[in-house]
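Keep in mind the model is a prediction, meaning the values are calculated, not measured.
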Amino acid sequence: LEHILPIVYKFAALLEREVDPQVRFGIDPTVRLEFADILAHYRQKEVFVKIIKGEVSESKKEVLAHLKNYNQLMANITETVKSKKTVNTADVFPRFQEVSRAWLGIQDDLVLLTVLDTLLKDLAKYPEKLNATYPDSTLEPFLAGLTIVTDAERLERTQGEGNRISMKSTEEIKVFYPEKVVNFNQMQTEFKGFCAFSLAVGEGLLLHGNPNIGILSFQDKYYSFSSKEAAHSFSVNPAGFLHQIMFMARQRPYLIPLLDLHTAVATDSLQVNASRPDKKPVTKCEMGIQTDVHAPTRCFVKSYEWNEWALRQQAVKLANLRTKLTKSTQTHSSGYRVDVETQIYETKSSSTQTTTEKHTRVPKPRIYYAGLRGTEESTSKPGKIDLTPTVDTDNIAEDL
């Protein structure tokens, strides 16, 4: 900051003098724009350095806490071990784990400090480039008779009751004072606390506002100013000054992240387009489309015809067909050639089963012929004797 702030104060004083028409030096508009760009870049660098400084202070607190914890843990281990030949693992191992975690925390802080140191070295290269572009010999004519004021001195000049905003609140613009608002320090002002009037009139003049003289509220947003005169001038046409700032931010994109104007620039562009009759505001929104699970069925009649003359043409054709005759002939090659199909039923076997089973058995016939070999009596004739048993007798015999 020792190298950045003098450059910031120098170029802020040059641009602030050009705002007052009585003491204006008459710097060329192109050179004035370059001075405004240099002031914005160094203001941005100032913000970066302050952020890094805050990170370093927080890291310093963490390193001191880790070192204190580390020394305490080492003292506890020394007290536990002392001159013992053997020590129980359950007593020592957890302590060594705590020492390891503390040491890893110290290493993480050292890595963070190394990264921050690299960033600071990279930021330190910018003054060298500026000295090559605008050396002191080039700026001496512009700085002749100019009093350079620091941010602290400018803040001290605007302290006191006589330097406070003395305007009354209206429906459009309201004034808030520190003693009348409980959470005054928590009120977030626009443009990162820079004076809105100086930013618009000075075409990029970045001067810190003094909230202690009062804060103006316009359209539910809060603005701080570097002096009460700047606040009174801003209250005459706040919408015009804000539109001028938004237009300047679109011309110089590096002001958008510096002043946190991402949403404001987009909103202002919509309002500008809406005010023009030949253009409509371009809005963006998210939309979703969901199709039906079962789409409705539609019936399309292909024979439908809407053209009246086509229907008349079809009617004429149908009317002409009534007077026409259709004839056909058949040759010998094509005669009796007809596709014929025959369907038969395949044979199938069938069987029947009854509930009871019965059978019958006929006796075997037994017939005996007597006297075939002769008898003592020569007069006797051969005889036939039927020995076939009856059905009942045969069954009885089998049973026996």
Side-chain angles (χ1 to χ4, degrees), residues 33 170-174 188 190-191 196 199-200 203-204 217-223 234 236-353:
L33 180 60
T170 60
E171 295 182 358
E172 187 179 12
I173 301 177
K174 297 181 181 180
Q188 299 293 332
E190 298 295 318
F191 311 129
L199 187 61
E203 297 181 357
S217 174
F218 176 71
Q219 294 181 353
D220 297 331
K221 294 182 180 180
Y222 306 103
Y223 303 92
F234 179 83
V236 176
N237 186 16
F241 286 113
L242 294 177
H243 174 67
Q244 186 177 355
I245 293 173
M246 299 306 153
F247 179 78
M248 181 177 56
R250 288 193 294 271
Q251 298 296 326
R252 308 174 192 176
Y254 55 83
L255 292 176
I256 296 177
L258 176 60
L259 304 178
D260 195 11
L261 298 178
H262 301 86
T263 306
V265 169
T267 306
D268 183 74
S269 63
L270 294 179
Q271 295 177 357
V272 171
N273 293 333
S275 62
R276 298 178 182 176
D278 57 337
K279 292 185 178 181
K280 296 182 179 180
V282 180
T283 59
K284 295 181 179 180
C285 62
E286 295 182 0
M287 298 182 65
I289 299 176
Q290 184 175 3
T291 57
D292 297 333
V293 179
H294 301 286
T297 57
R298 297 181 181 180
C299 180
F300 295 96
V301 181
K302 296 182 180 180
S303 60
Y304 173 77
E305 181 61 50
W306 62 271
N307 191 356
E308 181 181 356
W309 293 101
L311 294 175
R312 290 185 178 185
Q313 186 179 7
Q314 292 180 5
V316 171
K317 290 181 179 180
L318 293 176
N320 292 333
L321 288 177
R322 298 181 62 185
T323 60
K324 301 296 187 286
L325 179 64
T326 303
K327 295 182 179 180
S328 62
T329 59
Q330 186 175 3
T331 62
H332 295 283
S333 299
S334 62
Y336 302 103
R337 290 191 177 184
V338 182
D339 296 335
V340 179
E341 295 182 358
T342 303
Q343 185 177 3
I344 61 174
Y345 293 96
E346 297 181 356
T347 58
K348 59 180 181 179
S349 58
S350 60
S351 60
T352 304
Q353 183 177 2

*What is the minimum heavy-atom distance between Met248 and Leu199, and which atoms define it?*
CE-O, 3.3 Å
_Reported CZ-to-CH2 distance for the pair Arg312 and Trp309, which is rounded to 0.5 angstrom_ = 4.5 Å
*Which distance, rounded to the nearest 0.5 Å, do you find between the NZ of Lys317 and the CG of Leu321?*
9.5 Å
*asked:* Testing the basics here: between Gln188 and Tyr222, what is the closest heavy-atom pair and its distance to 0.1 Å?
replied: O-CD1, 3.8 Å
_Considering all heavy atoms, the nearest Ile173-Pro238 contact_ = CD1-CG, 3.9 Å
*Any chance you could measure Arg250, atom CZ, to Ile256, atom CD1, to the nearest 0.5 Å?*
8.5 Å
_For Ala249 versus Leu261, what's the shortest heavy-atom pair and its separation?_
CB-CD1, 3.8 Å
*Tell me, do Leu255 and Phe191 make a side-chain contact under 4.5 Å, heavy atoms counted?*
no
*Gap separating the CG atom of Asp220 from the NZ atom of Lys174, nearest 0.5 angstrom*: 8.0 Å
_Euclidean distance, Glu203 CD relative to Gln251 CD, rounded to 0.5 Å_ = 11.5 Å
*Under the 3.5 angstrom rule, does the side chain of Gln244 hit a backbone N or O of Ala200 as a donor-acceptor pair?*
yes
_Atom pair CZ/CG of Arg252 and Leu258 - distance to nearest 0.5 Å_ = 12.0 Å
